[in-house]
Amino acid sequence: MTDDPRPLTRLTRLTPLTPLTPLPKVPQAPPTPAVTAGPPVRVLLADDHKLVRRGVRLILDGEPDLTVVAEAGDGAEAVERARDGDIDLAVLDVAMPRTTGLQAARELSRRLPGLRILILTMYDNEQYFFEALKAGAGGYVLKSVADRDLVEACRAVMRDEPFIYPGAERALVRSYLDRLHRGDGVDGLPERPITEREEEILKLVAEGHTSKEIGALLFISAKTVERHRANLLQKLGMRDRLELTRYAIRAGLIDP
């Protein structure tokens, strides 16, 4: 076998690789606090518009700690549903047939003192807000920003913290609630000109019910309804059903 006449090539010594310098650690943002573990808050949703209920339900059911377990089309049905089922939070519209959300809130606060209540409304009105607090609600959210504020409002109310639409001071609300619970007078707020019973009758009159129908709904006589109606006209300085209806619209008892 003939040797290869080409000279042997000298092997070059490989230079050891320089160790890579470790990259500096990038600081990470703290993790978002997780929703408190446990069963989801059971929500009753009351609004006389099905499309509104559907949209609100989509918002609430999309959260792991909230679930809508019952719906109602008016305030009276909301009271029945809350009494029949295990409900943690009632989300109530203001203007609904038969019984308003404020009337339902008063009834629920008396019958179910442990139930949390949140008002969801189209009315950007300070007087309605304070009426909602008087009725036992812990929060007040405008429908126009429900997609932004509703979930946080539900959680705040369940933590027993007041929640209102942006622009109001939380400290003012807490101060008002403290004075209300102590039974102190609240300066600067107009007193309700009519009683709760008169308000119930006013709403039903404005909805077009007869005295007999109202009596059947409220379990009183038609003569008692007529007496309340006469008192309403005298107190409010009005003459007929039409003026009462206009007042009921301004007061948020019925939709215009």
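These numbers come from the heavy atoms of this one structure, side chains and all, not from hydrogens, waters or symmetry mates.
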Verify same cluster id: [X], [Y] (apolar side-chain graph, 4.5 Å):
{"X": "Val145", "Y": "Met122", "value": "yes"}
{"X": "Leu112", "Y": "Leu133", "value": "yes"}
{"X": "Met96", "Y": "Val141", "value": "no"}
{"X": "Ile201", "Y": "Leu217", "value": "yes"}

Between [X] and [Y], what is the shortest heavy-atom contact and its length?
{"X": "Asp88", "Y": "Pro40", "result": "OD2-O, 4.1 Å"}
{"X": "Ala90", "Y": "Leu108", "result": "CB-CD1, 4.3 Å"}
{"X": "Leu202", "Y": "Leu244", "result": "CD1-O, 3.6 Å"}
{"X": "Gly136", "Y": "Ser109", "result": "CA-OG, 3.4 Å"}
{"X": "Thr99", "Y": "Ala76", "result": "CB-N, 3.4 Å"}

*Validation row: Leu150, Leu118 side chains within 4.5 angstrom (heavy atoms)*: yes
_I'd like to check Val157 versus Leu89 (side-chain heavy atoms, cut-off strictly below 4.5 Å). Are they in contact?_
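Touching, per the 4.5 Å side-chain cut-off.
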Inter-residue atom distance [X].[atom1] - [Y].[atom2], 0.5 Å rounding:
{"X": "Leu92", "Y": "Ile117", "atom1": "CG", "atom2": "CD1", "answer": "6.0 Å"}
{"X": "Phe163", "Y": "Asp149", "atom1": "CZ", "atom2": "CG", "answer": "4.0 Å"}
{"X": "Leu233", "Y": "Arg241", "atom1": "CG", "atom2": "CZ", "answer": "10.5 Å"}
{"X": "Asp160", "Y": "Met158", "atom1": "CG", "atom2": "CE", "answer": "9.5 Å"}
{"X": "Ile214", "Y": "Thr210", "atom1": "CD1", "atom2": "OG1", "answer": "6.5 Å"}
{"X": "Lys235", "Y": "Thr195", "atom1": "NZ", "atom2": "OG1", "answer": "5.0 Å"}

*Check the pair Val41 / Val43 against side-chain contact (heavy atoms from CB on, under 4.5 Å), numbers first and verdict last.*
CA-CA 6 Å; Val41 174; Val43 180; 4.2 Å; yes
*Knowing that exactly one of Glu200, Glu199, Arg98 qualifies, which makes a side-chain hydrogen bond (donor to acceptor under 3.5 Å, both in side chains) with Gln103?*
Glu199
Test of understanding: with side-chain contact (heavy atoms from CB on, under 4.5 Å), list the residues that count as partners of [X], not counting sequence neighbours.
{"X": "Leu51", "answer": "Arg54"}
{"X": "Asp61", "answer": "Arg57, Thr67, Val68"}
{"X": "Glu207", "answer": "Pro97, Lys203, Leu204, His209, Ile254"}
{"X": "Ala132", "answer": "Leu102, Ile119, Ala137, Tyr140"}

Could you give the side-chain donor-acceptor pairs of residues 219-232 under 3.5 Å, partners two or more places apart or in another chain?
from, atom 1, to, atom 2, distance (Å)
Ser221, OG, Thr224, N, 3.1
Ser221, OG, Thr224, OG1, 2.8
Glu226, OE2, Ser211, OG, 2.3
Asn231, ND2, Arg227, O, 3.4

*Run the side-chain contact (heavy atoms from CB on, under 4.5 Å) check on Leu45 and Val91 step by step: do they pass?*
CA-CA 5 Å; Leu45 178 58; Val91 179; 4.1 Å; yes
*asked:* So for atom CZ, which belongs to Arg110, do other residues, nucleotides or ligands contribute more than 12 heavy atoms lying within a distance under 6.0 Å?
replied: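 Enclosed.
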Enumerate donor-acceptor pairs with a distance under 3.5 Å from any side-chain N or O in residues 79-87 to protein atoms, sequence neighbours excluded.
from, atom 1, to, atom 2, distance (Å)
Arg81, NH1, Glu71, O, 2.5
Arg81, NH2, Glu77, OE2, 3.1

*Determine, stepwise, if the pair Leu120 / Val56 fulfils side-chain contact (heavy atoms from CB on, under 4.5 Å).*
CA-CA 10 Å; Leu120 177 63; Val56 173; 3.7 Å; yes
*Chi angles and distances behind the side-chain contact (heavy atoms from CB on, under 4.5 Å) call for Asp93, Lys143*: CA-CA 9 Å; Asp93 183 24; Lys143 288 182 179 180; 3.4 Å; yes
